[in-house]
Engineer: 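The structure's right below; bear with me while I get my questions together.
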Amino acid sequence: MPVHEKLLQIWKPAFSSVVGNGLERMVLLLLFVFAAVFNGITTSPEVCNNNFLPGAKEISLSDLIPRSHKHRLLEVLLDMFSGDQGDLGEEGDQGKLGKNGPPGLSGASGETGLKGEVGHTGKMGPIGDKGCKGDTGLEGPTGLKGKTGTTCDCGRYRKVVGQLDVNVGKLRNAVKFLKSVILGLKETEESYYLLVKESKRFQEASMNCKLRGGTLAMPKTSHTNHLMANYVIQAGLTRVYIGVLAQSKDTNATGNYVYADSSPLQGFAAWSQEVELNSRVSPTTNSSCVELLSTGTWSHVECEDTMFFICEFPKSRRGGGALS
């Protein structure tokens, strides 16, 4: 029996009763190495003959360990230093969010969108300036000589003219009755005024008066303003649109008001006390229209509100007007 096996049979029971499993393995490993070295020395002829002679070949520890023992020695070493496999640990908490990555490349340009719908009709622009008087036309040719007139029967014609005057007077009274009673018109020396009982927004009311041959009523004097206020009261109303609106803001950020014919407010305005207190505040876009109250005062109002309105028709207009 080899020497290392004898040593293992002798020393293993003794150490097993004294030391624990871990220390036992270490001591047995040392004994195993010692026995392997000792066995290699005693059984190798090369060692016996050359190891103690001068110039003998140098022998390494690997050469002293038999080839069949090297694999077993490696298994013992791995088994000694490797512990038992532990239990699986608990799942860790979710880590913190990382930093934002660099921005990506710009995407490709999208396709051209569809054409939008037609926008709302804009506000009516100001009336243009009066044009220059044209040149005098060429003189026409002389007309043909007329026929000789007949002797005038003045008495008969005077009677016809008198009857015509009577008929004209009756016709004027009928027209006055038609305007004041049936149509409900009011009038001054310069204009007629018609209260239209149709609820419309400011822009629609302005266009309605224009189609009738007039404009939204413009109370430019206290007399006209009082006449229109009574008109509102008689109709049982509290407010109506009139032809006064805010102009675009100037460089000082203040709002200027003008009449519907673009003429400025000069000499007369009937703002309420509340409006006068806030006169330094420029009007907003939505509150740039004006209403006439039954009290005869003016107030700001949103142009999108719907209400009745008063149209104005100048008496001097001839042709094309609803009242001409």
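This is a predicted model, so every value here is computed, not measured.
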Engineer: If every non-hydrogen atom of Ser199 is compared with every non-hydrogen atom of Phe308, which pair is closest and at what distance?
Structural biologist: OG-CE2, 3.4 Å
Engineer: How are the rings of His300 and Tyr257 set to each other: parallel, tilted or perpendicular (split at 30° and 60°)?
Structural biologist: parallel
Engineer: Just to verify, which of Glu190, Glu187, Glu189 counts as forming a salt bridge (Lys or Arg N to Asp or Glu O under 4.0 Å) with Lys315?
Structural biologist: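 Running salt bridge (Lys or Arg N to Asp or Glu O under 4.0 Å) over Glu190, Glu187, Glu189 with Lys315 returns exactly one hit, Glu187.
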Engineer: Looking at Tyr259 and Ala217, would you say the former's side chain and the latter's main chain have a donor-acceptor pair under 3.5 Å?
Structural biologist: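 It does not hold such a pair.
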Engineer: So Lys186 and Gln234, do their side chains get closer than 4.5 Å, heavy atoms only?
Structural biologist: yes
Engineer: Closest heavy-atom contact between Asn225 and Pro219?
Structural biologist: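 It is OD1-CB, 3.6 Å.
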Engineer: I would like to know whether Lys210 and Thr215 meet side chain to side chain contact (heavy atoms under 4.5 Å, CB included); could you show each step before the answer?
Structural biologist: CA-CA 5 Å; Lys210 197 171 184 180; Thr215 61; over 6 Å; no
Engineer: For the pair Lys220 and Asp261, find out whether any cationic side-chain nitrogen is under 4.0 Å from an anionic carboxylate oxygen.
Structural biologist: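 Judged by the 4.0 Å cut-off on N to carboxylate O distance, Lys220 and Asp261 do form a salt bridge.
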Engineer: Could you pull out the closest heavy-atom pair between Leu227 and Thr188, with the gap in Å?
Structural biologist: CD2-CG2, 3.5 Å
Engineer: So which heavy atom on Leu216 is nearest to which on Tyr241, and how close?
Structural biologist: CD2-O, 4.4 Å
Engineer: In Å and rounded to the nearest 0.5 Å, what is the CZ to CZ distance from Phe309 to Phe202?
Structural biologist: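 Those atoms lie 11.0 Å apart.
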Engineer: Is it the case that Ser191 and Glu312 place a side-chain donor and acceptor less than 3.5 Å from each other?
Structural biologist: yes
Engineer: Using only atom types and a distance under 3.5 Å, with no angle test, would you say the side chain of Glu204 pairs donor to acceptor with the backbone of Arg201?
Structural biologist: yes
Engineer: Sort and list the pairs that fulfil disulfide bond (SG atoms under 2.5 Å apart) and have at least one residue in residues 87-135, not counting sequence neighbours.
Structural biologist: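 Residue pairs passing disulfide bond (SG atoms under 2.5 Å apart), neighbours aside: none found.
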